[in-house]
Each structure stands twice: as structure tokens, then as C-alpha cells.
Amino acid sequence: MITLDQLKGAAQTPDHIGLHIYVSMRHRWIYVMNLKAASTSMRELLLQTELGFRGETLPPVGIKRTMQTVFDGIHTLGGERLVEILNDPSFFKFTVARHPYTRTVSTFQKKSDKDAMPVRMQNLFAAYNIPFTWPMQFEAFLSFLEQYDPSPENLNRHWISQAKGTFSSVLKLDHIARLETLNSDLERMATRLHIEPKALKKINQKKTNTPESILLTPSAKARIHALYKDDFEQFNYQP
């Protein structure tokens, strides 16, 4: 049983900003979103499914905003009611995990491909006295992660551990899908989620100039393992 105080502590924020827990009252499932683990694809799939039941189509606005208008969460339910639902065994609770190696690379790439990122990342690096160059270097990004202070005012769920981001220390999930086997996982969950698993599209994937195989040197892997040891253990990933 999870309490409201436990949820607040796990969320690491008193006002619940970034508490990505979505509830379908119609189909009685709870999606605990894990950033950089098919989160955009899953949100689009769940939205299209839910809107299809209503005879509606996905509106031309941001997916994040639409999720909060279509599904319930702490923004509509409040903390106490959300905790009550989280403790209700009739609700199916699930998330998607990703290997920490590829998730770290994906986060690095996301923070390396937008016009606003140089200034934003330079300011973050400066806070930890880490030399900054653009294009950003993967080794420097790892140095930033190693010094990063995940206090509430600095919290960024793109690079906190998945164990923390999915509140796994206090929340018992019914199913943890894996990005690496997502299609087959969705096949198993399809009936429970009322989805057509074949509808999942690989979206928001960007081509990069530097392949993962080049970035993930033995040294980089060792550093990522040290950073996200809890994720390797919690989600049973091998280093």
C-alpha cells in the first residue's frame, strides 16, 4: 500500500510537477510514464485508442496537453484520490523500461539536437564547473550526470534513474514492459489495455551522426553502470 507521503517523497516535488501518472477510468489501467522509454509512442497509442472509443481523432495540439485532458491524473484527481486508485488492485499498473546504456545515449542525443540546447546545457554545465563545448561531448555529458544534484528545484526526469522516475521503491507495478521487446509486451497487454498493438509506431526517433556503438565505449558503459546501478538491478538489465 502506497501512502500520499510516500508518493510525494518518491516524486521529489511538493507540487507534483512532472508526476507523469495517467489513469484510464474507462479501462481501469494506470500508465506510469518513463521518459526516454517509448514515452511519446506510448502516449500517442493510448490517446488514439481512447479517442477512438469516443469517435474522436487526435487533435493538432501537443501530446502532453492532450494526455491531461483525456486521462485523469493528480491534476484532476488530487493526491489522496490518486493514491486510492494506485492501491486499487482492479487497476492495471504498468510502465516501460529501457536499457540504461541506450537510454543515456538517447537522452544525450535529445539534449544535443535543438537550437535552444547550447545555452541551456552550457548553464547546467557551468553550475558544476564542467568545461562546455558545442557540439556537446558524450564524456562531458556523463561528467555532468555524475555530479548532477536531483533536488526538487533541479529535477529533470530525462536523466534521473528509471527506478526513481517510476516510483518503483514505493509503487508495485503489475507489468514492466521493455522497450527492447515492446511489440511482444504490448501483444500480452493488448486485451487488458484495449489496444491494437500493431498500431504502435516508432516515432520521435532521430538519426544522429554518432552511432551508439561509438559512444558506448567500455569506459562509458562502466560510468553509466555506476550512475544507474539501481536500474540495472531493478529492471534486470545486464551490463
Side-chain angles (χ1 to χ4, degrees), residues 2 6-13 16-23 29-46 63-64 67 73-74 82 86 92-112 124 138 141-142 144-152 154-186 188-189 193 200 202-205 212 215-216 220-239:
I2 185 174
Q6 287 175 326
L7 181 61
K8 287 180 178 179
Q12 295 181 258
T13 172
H16 306 293
I17 293 176
L19 185 61
H20 300 299
I21 297 178
Y22 299 104
V23 180
W29 55 248
I30 300 170
Y31 172 44
V32 182
M33 191 179 75
N34 180 23
L35 291 179
K36 304 309 298 175
S39 55
T40 299
S41 300
M42 284 299 301
R43 282 181 290 181
E44 184 176 81
L45 173 62
L46 296 171
I63 288 179
K64 294 179 183 179
M67 286 293 285
I74 199 163
L82 177 60
L86 288 172
F92 178 75
K93 297 177 285 293
F94 71 101
T95 192
V96 180
R98 182 177 188 174
H99 198 293
Y101 289 160
T102 60
R103 181 174 184 260
T104 304
V105 170
S106 180
T107 300
F108 165 72
Q109 292 170 340
K110 179 179 177 63
K111 300 303 179 181
S112 303
L124 286 171
F138 189 52
F141 182 66
L142 293 179
F144 162 69
L145 294 180
E146 288 165 344
Q147 298 182 54
Y148 170 66
D149 170 25
S151 54
N154 297 322
L155 192 66
N156 188 310
R157 297 187 183 278
H158 286 93
W159 50 61
I160 63 171
S161 72
Q162 298 175 80
K164 289 181 179 178
T166 59
F167 323 113
S168 62
S169 63
V170 297
L171 181 60
K172 181 176 175 56
L173 298 169
D174 297 300
H175 188 80
I176 299 173
R178 289 175 177 244
L179 178 65
E180 298 80 13
T181 56
L182 188 53
N183 285 331
S184 58
D185 281 323
L186 285 172
R188 289 192 291 272
M189 294 191 293
L193 300 181
L200 182 69
K202 292 184 177 180
I203 61 175
N204 203 30
Q205 292 189 347
E212 290 178 356
L215 295 176
L216 290 172
K221 287 181 177 180
R223 296 172 74 180
I224 294 170
H225 183 264
L227 278 165
Y228 298 115
K229 185 178 179 181
D230 288 349
D231 289 349
F232 281 92
E233 296 176 353
Q234 182 74 32
F235 302 108
N236 196 30
Y237 279 111
Q238 299 302 310

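Please read these numbers as outputs of a predicted model, since none were measured by experiment. Keep in mind that the numbers below use all heavy atoms, side chains included, and drop hydrogens, waters and symmetry copies.
Qualifying side-chain contact (heavy atoms from CB on, under 4.5 Å) partners for K229, counting only residues two or more places apart in sequence or in other chains: H225, E233. Contacts of F144 classified as ring-ring contact (aromatic ring centres under 6.0 Å, His included), with partners at least two apart in sequence or in another chain: F125, Y128, Y148, W159. Y228 is linked by a ring-ring contact (aromatic ring centres under 6.0 Å, His included) to nothing, counting only residues two or more places apart in sequence or in another chain. Among residues two or more places apart in sequence or in another chain, the ring-ring contact (aromatic ring centres under 6.0 Å, His included) test is passed with H175 by none. Residues satisfying the salt bridge (charged side-chain N to carboxylate O under 4.0 Å, His left out) criterion with E180, sequence neighbours excluded, are absent altogether. For D230, there are no salt bridge (charged side-chain N to carboxylate O under 4.0 Å, His left out) partners, not counting sequence neighbours.
Here the side chains of F167 and I2 are not in contact, with every heavy-atom distance at 4.5 Å or above.
Taking both residues in full, the closest heavy atoms of A177 and D185 are given as CA-OD2, 3.5 Å, listed atom of the first, atom of the second, then distance.
To the nearest 0.5 angstrom, I224 atom CD1 is 4.5 Å from T104 atom OG1. Within the model, atoms CH2 of W29 and CE of M189 stand 10.5 Å from one another, a figure rounded to the nearest 0.5 Å. To the nearest 0.5 Å, the span separating CZ on F94 from CD1 on I30 amounts to 9.5 Å. To the nearest 0.5 Å, atoms CD1 (I160) and CG (L35) are separated by 8.0 Å.
Ring geometry, H99 versus Y101: the interplanar angle falls from 30° to 60°, so the pair is classed tilted.
Side-chain N/O atoms of K36 and T107 include no donor and acceptor closer than 3.5 Å.
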